[in-house]
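Note that ligands are numbered from 1 as they come in the structure, with each ligand's atoms numbered from 1 the same way.
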Amino acid sequence: MNFGQFELHTIETGWLALDGGAMFGVVPKNLWNRSIDADEQNRIPMTMRTLVIKYQDRVILVDTGAGNKNSEKFNRIYGIDTSQHEMITKLSHLGISLNDVTDVIQTHLHFDHAGGAVSFNASGDPEITFPKARYYVQKHHWNWATKPSMKDRASFIPQDFMPLQEAGNLELVDGPEELFPGLELVVVNGHTVSQQLVRVRDGERSILYCADLIPTQHHVPAPYVMGYDLMPLVSLEEKVRILGEAVAAPTVLVFEHDRAAAAALVVGEGEKFSAGTVGSLEEVIASL
Ligand SMILES: [Zn+2]
């Protein structure tokens, strides 16, 4: 779909299921369970969704899902399932081959966001999935991801990202930046150190890819902050500010992990927010 000078698509790159308690932090199950069901292991159904942006001669991806490098056991624990959706196939449906991708923005390097950045070749060695692409990672996030804490080290798998540096495809970014005219990196720090969200502008209107600041429509209410977050109070402040901006100016939120809906508008005032219109990116943009 066209949005100003950009052509935008969302693709699912695989399903995921994470513990509902961890996904909703201090919110009790008898509240979050009203809007989303948990499976027999208390996991909620999620997806991994990449934003595809075509701009002039560039093909830009935002996040790359979990990829195909993980063991069966790992995929079982996290409910990773690429039988319905798979990144390379989905890109080919858009007429995009691996060599066509010029830029990959990694919001952060947790395995469900960056696993697809690197693949195994036929001999089982890691290689860059999009060999011609620059991969953008915030510098402070890179430094953290290569030396994570005990709380979050299970979320970082070095083979997802170390090959980017070794192959010379890594581009470290220092803080917020307008990467291309109308395409901005927005840095937030509550979920992890220097996560970068992506805002695409068309005049007053914008699309905000929320990554793990607001992973699903159920996380729009400000106190619905994940237990995974390193600094939940910072996430809360960041959500109140960013959601306030999304109410004040026409903004479509894009959810990386919501299996039911790719996008939503926000309604609310003060510190109280909820998802208004929800649907596909095309439907929600049309309702702006
Ligand atoms: Zn994350």
Participant: Nearest N/O/S atom of H110 with respect to the Zn ion (ligand 1), by atom name, please.
Facilitator: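 In H110, the heteroatom (N, O or S) nearest the Zn ion (ligand 1) is ND1.
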Participant: Just to verify, which of Y136, F156, F161 counts as forming a ring pair (Phe, Tyr, Trp, His ring centres under 6.0 Å) with H141?
Facilitator: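 By the ring pair (Phe, Tyr, Trp, His ring centres under 6.0 Å) criterion, H141 pairs with just one of Y136, F156, F161: F156.
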Participant: State whether H191 contributes an N/O/S atom found under 2.8 Å from the Zn ion (ligand 1).
Facilitator: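 Here the distance criterion (N, O or S atom, under 2.8 Å) is met by H191, so yes.
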Participant: With a cut-off of 2.8 Å, does D212 place any N/O/S atom under that distance from the Zn ion (ligand 1)?
Facilitator: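 It does: D212 brings an N, O or S atom closer than 2.8 Å to the Zn ion (ligand 1).
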Participant: Clusters formed by hydrophobic residues whose side-chain heavy atoms approach within less than 4.5 Å: which one holds V278, and what are its other members?
Facilitator: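 So far as hydrophobic clustering goes, V278 is joined with none.
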Participant: Please say which of T82, L16, I11 ends up in a side chain to side chain contact (heavy atoms under 4.5 Å, CB included) with M48.
Facilitator: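 Single pass found, and it is L16.
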Participant: Using the side chain to side chain donor-acceptor pair (under 3.5 Å) definition, which of the options D160, T192, D63, T64 pairs with H113?
Facilitator: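 Of the listed residues D160, T192, D63, T64, the side chain to side chain donor-acceptor pair (under 3.5 Å) partner of H113 is D63.
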